[in-house]
Amino acid sequence: MIQAIQFYDLLDCLAGQFIGAQSARCVGKEFGLHIISAAKDYFSIAIIPEKLSHEQVVLGVLLDDSCHIGSRNGYTFTIYIDLSKIDGNAFEIFSYIILAHEICHFAFYYELFRKLGENTRIIAHSNFTHTVSKTLIGAVTREQDTTSQTIFDEHNIKELVTNLGKYPKKHFAKGKETKINYHELFFSFLKHLHFDKLLRAFSGN
């Protein structure tokens, strides 16, 4: 069963870096005690500041590392964030909303990895890649190399705030089977990040 506590160390790792340096990376042991060892070898997560088109403020991309590093079977979940579109006075507030939402997406891929055998061998990697590509291929833009990356999430600030915690399961699982309660997951992440306290401080209460 996928539970919020499994991702708290990951959240702390990413939030601590991003709030301080506006970029972040989580690999290996930094995922914490509650993520299985095979997944720590298979996944990494990066947050990169990037200018994005139109009103887009966040773009999630799953990168197949084996396309660039022949000996590696695994994926890097890369979150591009356009810092210029985030109000500086509310930077932490918007950052926590973005992080909580994007780690809900990562939770689905962690669930899928476990469902497909929990290992990094070539056959398991091929199965994972096939499932990901089949599920998300419609979201790939023409400019991108479809063999190595798949866009699966893009949002602007207004949409994220308006739909705070209201995204349905199909948004995160793209129609695939999932047992995760994403509503509960999202608000557990915000609670762990002391979001209510942050809001009260921002509003002066």
Side-chain angles (χ1 to χ4, degrees), residues 1-21 23-48 58 60-66 72-79 81 92-93 95-121 123-125 127-129 131-132 135-136 150 152-153 160 164-165 167-174 176-198:
M1 177 66 78
I2 302 298
Q3 298 178 339
I5 192 174
Q6 294 172 284
F7 305 97
Y8 286 168
D9 290 337
L10 166 61
L11 273 174
D12 291 340
C13 176
L14 294 175
Q17 293 178 64
F18 186 67
I19 298 303
S23 64
R25 185 167 182 82
C26 181
V27 297
K29 293 180 179 179
E30 293 171 329
F31 276 91
L33 298 174
H34 301 289
I35 298 293
I36 62 171
S37 296
K40 294 177 190 178
D41 293 333
Y42 195 70
F43 293 108
S44 63
I45 298 182
I47 302 178
I48 300 174
V58 59
V61 180
L62 199 63
L63 299 170
D64 185 346
D65 298 333
S66 68
R72 173 168 168 72
N73 294 325
Y75 276 89
T76 298
F77 173 30
T78 305
I79 305 165
I81 299 178
E92 285 190 55
I93 291 173
S95 295
Y96 287 172
I97 291 172
I98 290 169
L99 279 175
H101 182 87
E102 293 302 317
I103 300 309
C104 282
H105 278 286
F106 176 72
F108 169 72
Y109 286 94
Y110 179 67
E111 178 188 48
L112 178 61
F113 176 76
R114 300 199 66 175
K115 200 178 295 183
L116 293 177
E118 300 185 357
N119 72 74
T120 62
R121 293 191 294 271
I123 293 177
H125 180 64
N127 289 339
F128 185 92
T129 300
T131 303
V132 168
T135 303
L136 307 174
T150 305
F152 64 90
D153 190 49
L160 281 173
L164 193 69
Y167 291 95
K169 278 189 175 186
K170 65 181 181 181
H171 173 78
F172 299 101
K174 306 299 181 185
K176 301 296 287 185
E177 181 185 350
T178 178
K179 295 182 178 179
I180 300 174
N181 183 331
Y182 294 96
H183 178 85
E184 182 180 302
L185 204 68
F186 177 80
F187 285 105
S188 293
F189 291 162
L190 290 185
K191 183 177 180 180
H192 176 75
L193 292 168
H194 305 293
F195 187 73
D196 286 350
K197 182 179 179 181
L198 189 63

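All values below were derived from every heavy atom in this structure, side-chain atoms included, with hydrogens, water molecules and symmetry-related copies excluded.
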From CD (Gln3) to CD1 (Ile180), nearest 0.5 Å: 11.0 Å

Does any part of the side chain of Ile35, heavy atoms only, come nearer than 4.5 Å to the side chain of Asp9, both counted from C-beta? no

Parallel, tilted or perpendicular: which describes the rings of Phe43 and Phe113, with under 30° parallel and over 60° perpendicular? perpendicular

Do Val132 and Leu112 have side-chain heavy atoms sitting under 4.5 Å apart? yes

Among side-chain atoms of Thr120 and Asn73, is any donor-acceptor pair under 3.5 angstrom? no

Between Tyr42 and Phe128, how do the two ring planes meet: parallel, tilted or perpendicular, split at 30° and 60°? perpendicular

Verdict with reasoning, Asn127 to Ile123, per side-chain contact (heavy atoms from CB on, under 4.5 Å): CA-CA 6 Å; Asn127 289 339; Ile123 293 177; 3.9 Å; yes

Test item: Ile36 and Tyr110 side chains (from C-beta on) under 4.5 Å apart, heavy atoms: yes

Please work out which of the three classes, parallel, tilted or perpendicular, describes the rings of Tyr8 and Phe189, given edges at 30° and 60°. perpendicular

Flag the pair Ile45 / Glu102 as yes when at least one side-chain heavy-atom distance between them is below 4.5 Å, and no otherwise. no

Please confirm whether His105 and Tyr182 have ring centers closer than 6.0 angstrom. no

Give a yes or no answer on whether the side chain of Lys115 reaches the backbone of Glu177 with a donor-acceptor pair at less than 3.5 Å. yes

Any Asp12 side-chain heavy atom under 4.5 Å of His192 side chain: yes

Any idea which heavy atoms bring Phe186 and Ile97 closest together, and the distance? CE1-O, 3.9 Å

Let me confirm one number: the CD-CD1 distance from Gln6 to Ile103, rounded to the nearest 0.5 Å. 13.0 Å

Please check this pair: side chain of Arg25 against backbone of Leu14, looking for a donor-acceptor N/O pair closer than 3.5 Å. no

Heavy-atom pair with the smallest gap, counting every atom of Ser44 and Arg72: N-NH2, 4.5 Å

Closest non-hydrogen atom pair, Thr131 against Lys176: CG2-CE, 3.9 Å

Where does the angle between the aromatic ring planes of Phe77 and Phe106 fall among parallel (under 30°), tilted (30 to 60°) and perpendicular (over 60°)? parallel

Is there side-chain contact between Asp64 and Thr129, with at least one heavy-atom pair below 4.5 Å? yes

Going by heavy atoms in the side chains, are Phe18 and Ile81 under 4.5 Å from each other? yes

Shortest non-hydrogen contact from Ala38 to Glu118? CB-O, 3.2 Å

Please assess Thr178 against Phe172 for the test side-chain contact (heavy atoms from CB on, under 4.5 Å), listing each intermediate value before the final yes or no. CA-CA 9 Å; Thr178 178; Phe172 299 101; over 6 Å; no

In terms of heavy-atom contacts, does NE2 of His194 have more than 12 from other residues, nucleotides or ligands at under 6.0 Å? no

Has Thr76 got a side-chain atom pairing as donor or acceptor with Thr78's backbone, closer than 3.5 angstrom? no

Has the side chain of Glu111 got a donor or acceptor atom that lies under 3.5 Å from a matching backbone atom of Lys179? yes

Could you grab the distance from atom CD of Gln17 to atom SG of Cys26, nearest 0.5 Å is fine? 7.5 Å

Heavy-atom closest pair (Tyr96 atom, Leu193 atom, distance to 0.1 Å) is CE1-O, 3.6 Å

